[in-house]
Amino acid sequence: MAADLLGMTEALVRASSWMGVVGWTVMLFQADGAHLFPCGMAGLGRRWQPPLRPLSAGDIWPVSEAALGQERAGCGTTGPYPLPAKAGTAAWMVLPLAKRQGVAVALRPGVTDFRPVEQDFLREAVSLLDRYLPAVERTGRAVEPAPRLRQRSAGVFRLDLADELVECDEIFARQHALPRPGRYPLADILCRIPPHDLPRIEEILGELRARPGTFEVSYRITSDGGGIRHLRAHCTSSRTLNGTVLDIAGEVTDVTTEAQQIGEREALLREQLRRADRMISLAASAASASGTDELAAAACEALAVFGADALVIVEAHGGRTRVVTTAGYDREHRAALDGLPLSARTPLTDALRNQQAVFTPSHRDLVSAYPHYAATLSRLQRHAWAAVPLPLADPTTPAVCMFSFNRTHAFQPSDQPLLIAGAALLGRALERCRTYDAEHERAVHLQRSLLPAHLPQRPGLRLTASYQPAAPQAHAGGDWYDAFPLSDGRIALTIGDVEGHHTEAAALMGRLRTTLRAYAALDPDPATVLAHTNNMLTAENDADPEHALLATCCFIALDPETGRLDCASAAHPGPLVHTPDDAPVPHVATGLPLGVFGGTSYPTTSFVLSTGSKLLLYTDGFTDTPDTDPEHARERLRHMLAATASDAAAPALHKVATATLTPLRPHDDSALLLAHLTGPEPGDRPGEPQ
């Protein structure tokens, strides 16, 4: 059932699981018949993988010896092929493939050799691989050419170095685009040399003038049509009695065809290296992707080597298509692919319905297979498509990945199995990413449910807040804010951040909010509240060090009537303040984070705000961002707060948040709490929801 070498090696890994963790790689001869290249790998960690370069069959590595027909096995730090110095100890067995195609390698990390019964199993497995290998696309070893006779055409010349004249026959004249046999100035030939080759040709002529002997010179000539011809000259220089070289004579052979074949082989090897590297990159990206959107973006980037610039992953749901994720598609074209009946005749739905790959190289092929597209060709952004089913553990919800190309794409025989292999990687990663997306959504819902649904309002005071969850790949966070009335008539404003980005951080955030409220009910002094909360969290951390978490917190007790506030901070940034008269405010002193040491005391900073002042509490999601200086980010927050001096609380907070939270996919969650001392106003009502 395997469609390619990757599928075959994965089947071998599954079949070998009774022996432990056994990885496989299949290395086949390249077209030159002299180099092995890893064409299929599965079950091998990065440090056990063979190098992504051709290995010469003449090397001393066991894979090179086995490629000549000799089975090899071993166990130790020296592997069957070059491995990193710190790869470790592994048992391995290298088995030659039939018809000198290459080798199959089984590798098991550890110090235990393959037992005889295990070696017998590996031999049987490779015999099955030999049986089915011809059915998959691969780069096999070239057939050895039979002896043959080929006519060789060479042009004869003599170069007189004294007067720099070249005397040549008809073949030489034709090779160098000269009118006829005869004598020509050397300059008539040098003018045909490509300009960037000319300095080296001048050096070679200088060497020939300086010493006699027989030499071989390879050079290039520009033809009348602008093409390049590759020539090889075998020449002999002679010396006169006084030691000066008199002339050079020899013959020239056209080797353009051989040079082109060598170039094509080198280009093929480079392309195979590039594609194999991209497939390994895709495997690594798929394994580490956090969420379906990140998976699609990584796949689109990795498979750009095939020319694909967009992809969409679609699943069957209720008899219609449902888009799971896209990369490179705009909203209009994504919507066009969502909700299609599975009975519709399109490449996407055919692949989804029949679970078979559909390759459409051009608009012409699209209309040939699906005539109803003829009227809509002008609206299509792409020009070629490859719709490939994704192998999923749950067959009741089939899915397809469709790669799109911005120009026509002639799918080569080597393209199709690699795209199918890429789809297999995406299929395995998709299920994990779906689970991740669901967990992230639950964590965000948990966070939001733990934040206050309403903020208290008092005459002369307006409170508003915002919370922005992190991007899916950053997991859930532990930022929070809260505001509640104190027993002495003041309003408590709190903001904080639990370390880490996971559901445990969100849960601890909810408990800290409750703890702060409980201790504030007993004693509203901010420093006392933080000290009690710190003792509680430190005791929990000491009881369970493996799951210990720290938190920062800023606690403010604000009197809306007088504008006086008392502030204590546990390693959290102090609030930003803007007053109508730009009066300076004292620096807020901070103490240690919550949960480090029991018995920690926290300093209190007190000052009075005038009517019209705004107080902004924030978390580090706004300041500690990649490639941004935190102090510069705080200054930008301060500037935006001042710029909204004439705005009401809610619009002011919106402007601050949108102007300073620049990343489209923030790496961390973030919270803001804004207090605006408006002074007594008619119509103030307590308890207004936010």
Side-chain angles (χ1 to χ4, degrees), residues 443-458 461-469 476-499 505-534 536-537 549-560 565-576 588 590 593-595 602 604 614-622 649-650 653 656-657 669-677 686-690:
V444 171
H445 179 73
L446 170 63
Q447 279 180 284
R448 292 192 179 279
S449 67
L450 293 174
L451 294 174
H454 305 284
L455 295 177
Q457 302 297 332
R458 290 288 180 85
L461 176 66
R462 288 290 178 268
L463 298 177
T464 186
S466 73
Y467 172 77
Q468 173 67 42
D479 288 16
W480 90 88
Y481 64 84
D482 197 6
F484 53 91
L486 297 172
S487 57
D488 58 7
R490 294 181 295 175
I491 295 290
L493 309 176
T494 67
I495 196 163
D497 185 3
V498 177
E499 71 166 331
L508 177 59
M509 172 267 286
R511 289 194 291 120
L512 287 179
R513 278 191 58 237
T514 303
T515 301
L516 289 168
R517 284 181 173 239
Y519 284 127
L522 298 176
D523 187 339
D525 175 60
T528 303
V529 172
L530 290 185
H532 288 316
T533 306
N534 171 69
M536 182 274 297
L537 184 56
L549 291 174
L550 304 180
T552 66
C553 179
C554 180
F555 191 105
I556 293 176
L558 174 64
D559 187 341
L565 65 82
D566 299 316
C567 176
S569 173
H572 197 89
L576 298 178
V588 174
T590 63
L594 303 176
Y602 295 92
T604 300
K614 286 180 179 174
L615 182 76
L616 181 68
L617 290 81
Y618 61 95
T619 60
D620 60 8
F622 285 92
L653 187 72
V656 171
D669 56 342
S670 53
L672 288 175
L673 177 60
L674 178 67
H676 186 194
L677 288 172
E688 181 182 344
Q690 295 294 304

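Since the model is a prediction, treat every value here as computed from it, not as a measurement. Each residue takes its place number in the sequence, starting with 1. No hydrogens, no waters, no symmetry mates; every other heavy atom, side chains included, goes into these values.
Of all heavy-atom pairs between W480 and I495, the closest is O-CG1, 3.2 Å. Nearest approach of L486 to P524, heavy atoms of both residues: CD1-CB, 3.9 Å. Closest of all the heavy-atom pairs between C553 and L594 is CB-CD1, 3.9 Å. Between P575 and V588 the shortest heavy-atom distance is CD-CG2, 3.9 Å. Shortest non-hydrogen contact noted between Y602 and S569 is CD2-O, 3.6 Å. Contact record, L673 with A465: CD1-CB, 3.8 Å, taken as the closest heavy-atom pair.
Side-chain N or O atoms of R458 include one that pairs as donor or acceptor with a backbone N or O of G489 at under 3.5 Å. At distances below 3.5 Å, not a single donor-acceptor pair connects side-chain atoms of T552 with backbone N or O atoms of G496. Checked by atom type and distance alone, the side chain of N534 pairs as donor or acceptor with a backbone atom of G595 at under 3.5 Å.
Between I491 atom CD1 and L558 atom CG the span is 8.0 Å, to the nearest 0.5 Å. Distance CG/D559 to CG/D488: 8.0 Å, rounded to 0.5 Å. Between the CG atom of L653 and the CZ atom of R462 there is a distance of 15.0 Å, given to the nearest 0.5 Å. Distance check: T528 OG1 to F555 CZ gives 10.0 Å after rounding to the nearest 0.5 Å.
Within the 4.5 Å cutoff, no side-chain heavy atoms of H572 are placed close to those of T590.
The existence of a salt bridge linking D482 and R513 is confirmed by a sub-4.0 Å separation between a basic side-chain nitrogen and an acidic carboxylate oxygen.
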